[in-house]
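What follows is a single structure, written as structure tokens, with notes after it.
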Number of protein chains: 2
Amino acid sequence: MKITDRKSEIIVTAAKLFKKRGYNAVSMRDIAQELGIKAASLYNHIKSKQEILSDIVLNVAESFTNHMEQIYPQSINSIQKLEAIIQNHIDITVQKTDFLACMNNDWMHLDEENLATYLKLRNAYEASFRKILQEGIAKNELENQNSEIVIFSILTTLRALYLWYSKKSSVEVEVLKKDLPKTLLHGIVKN
Amino acid sequence: MKITDRKSEIIVTAAKLFKKRGYNAVSMRDIAQELGIKAASLYNHIKSKQEILSDIVLNVAESFTNHMEQIYPQSINSIQKLEAIIQNHIDITVQKTDFLACMNNDWMHLDEENLATYLKLRNAYEASFRKILQEGIAKNELENQNSEIVIFSILTTLRALYLWYSKKSSVEVEVLKKDLPKTLLHGIVKN
DNA sequence: AAATTAAACTAACAATCGTTAGTTTTGTTA
DNA sequence: TAACAAAACTAACGATTGTTAGTTTAATTT
């Protein structure tokens, strides 16, 4: 029983490199070198480079899906749900920075089967998000704005949080948790 | 005197492929095939694959810089400046979709020299944006929110617009021009 | 028509890619 | 200590990469 097995080490190391340079610009030899071993040795632990990518991407995608499935049915109002979702994006950004970056940048390099799985998860997530917005509009909690634009705007910002986080200290994460919901939900213009 | 010279055709074709699959996943042979010629023939018109990338990225980056330099010194208030910037992002998204996608996704594959040029342009752009925000806060036109979070949130959304645009009709661009500034500047929560 | 230029071609290069086969080393269990 | 399993190794494969050299074709100018 190991604390972290070798396969996990490989995936974590690969994610770190993928984040910096992108999936296609990182070779198996690069990953191996970072671990102090030879490329061929990686294959004692993983099946292929593609398996590394799909493990990373689907891990993060499932984290988002799981949280959404937990929040969505709760009997809280739409604003509280949106705040919970934003918090979750911040949490995942902090806890799985490299994995998240890899999902954002390299999901299109998944092979046919894994790509289909990923897109299914992603579409379901956006559909739930859309329903929360529309519920909020119906209950007069939110402005009746174009839902697609709102979804796009908020999810794009949340997905890209890892870019912001990489440059900031952990102290500022608390600031982010406090201020980002305000910016996204209430805008910046004075009334 | 040709309407479009061969080099431009190559760059436009490359941008289209880079957008779909990313710089590293597109080979010179792929670009050539799309043009109906052989890979070696490309080198009658361009110096290297890297030159294609830098032409694309710096073209877009300079478009943004030029517009910012034109808007920034105008004597209009901060909200009007922000609206003009948002409009410009939408315009560039529509006019140079593939180039913009390539800039967003592949700038980190620029070689040392071009990367430095790109980052200089990008940092200057963000600095101007920051000053406009702070001017707006000082003049009590904008809420006194964390500037870094606001910059990040708005610029991230604007940079990713090409993703949204690719899926929508040109009719909806008018909707976007009308509604996106509202969403970004005023938020979505009812007062 | 001859000469020149532009733009395509074929062929090949050295390097690197993901991956496999077979072997040796290391660490654990019987 | 002998046996076994896990995890590293060396060596090599076929494919693909960006690019160059040299040649041929097509278009333009003299």
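As a basis for the values below, the full set of heavy atoms in this structure was taken, side chains included, without hydrogen atoms, waters or symmetry mates.
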Original post:
Rounded to whole angstroms, how far apart are OH on B:Y43 and P on D:dG22?
Top reply: 18 Å
Original post:
Within the pair A:S27 and C:dT16, is there a side-chain N or O less than 4.0 Å away from OP1 or OP2?
Top reply: no
Original post:
Between the base of D:dA8 and the side chain of A:N44, is there any donor-acceptor pair under 3.5 Å?
Top reply: yes
**OP:** Given side-chain hydrogen bond (donor to acceptor under 3.5 Å, both in side chains), test B:S63 with B:N66 step by step and report yes or no.
**Re:** CA-CA 5 Å; B:S63 293; B:N66 291 343; 5.8 Å; no
Subject >> Rounded distance (Å) that lies between atom C1' of C:dG22 and atom NZ of A:K38 >> reply: 17 Å
Original post:
How close or far is atom P of D:dG18 from atom CG of B:L17, stated in whole angstroms?
Top reply: 12 Å
**OP:** Measure from NZ on A:K47 to P on C:dT20 and round the result to the nearest Å.
**Re:** 11 Å
Original post:
For B:H45 and C:dA8, is the shortest distance between a side-chain N/O and OP1 or OP2 below 4.0 Å?
Top reply: yes
Original post:
Hey, are A:N44 and A:S41 close enough side-chain-wise for a donor-acceptor pair under 3.5 Å?
Top reply: no
**OP:** Group every Ile, Leu, Val, Met, Phe, Trp and Tyr by side-chain heavy-atom contacts under 4.5 Å, then state whether A:L35 and A:I56 land in the same group.
**Re:** yes
Original post:
Within the structure, does a side-chain N or O atom of B:K49 lie under 4.0 Å from either OP1 or OP2 of D:dG18?
Top reply: yes
**OP:** For the pair B:K178 and B:E174, find out whether any cationic side-chain nitrogen is under 4.0 Å from an anionic carboxylate oxygen.
**Re:** no
Original post:
5'-most contact on DNA chain C: A:M28 or B:R29, nearest heavy atom basis?
Top reply: B:R29
**OP:** Between A:I37 and B:S48, just flag the one whose closest nucleotide in DNA chain D comes earlier from the 5' side.
**Re:** A:I37
Original post:
OP1 or OP2 of C:dA7 sitting under 4.0 Å from any side-chain N/O of B:S41?
Top reply: no
**OP:** To the nearest Å, give me how far apart CG (B:N24) and P (D:dT16) are.
**Re:** 17 Å
Original post:
Under 4.5 Å between side-chain heavy atoms, hopping through other hydrophobics if needed: is there a path connecting B:I149 to A:L155?
Top reply: yes
Original post:
Which whole-number value in Å describes the distance from B:R6 CZ to D:dA27 P?
Top reply: 13 Å
Original post:
How long is the line joining CD of B:Q50 and P of D:dT19, in whole Å?
Top reply: 9 Å
Original post:
In whole angstroms, how far is the P atom of C:dT16 from the CD atom of A:Q33?
Top reply: 12 Å
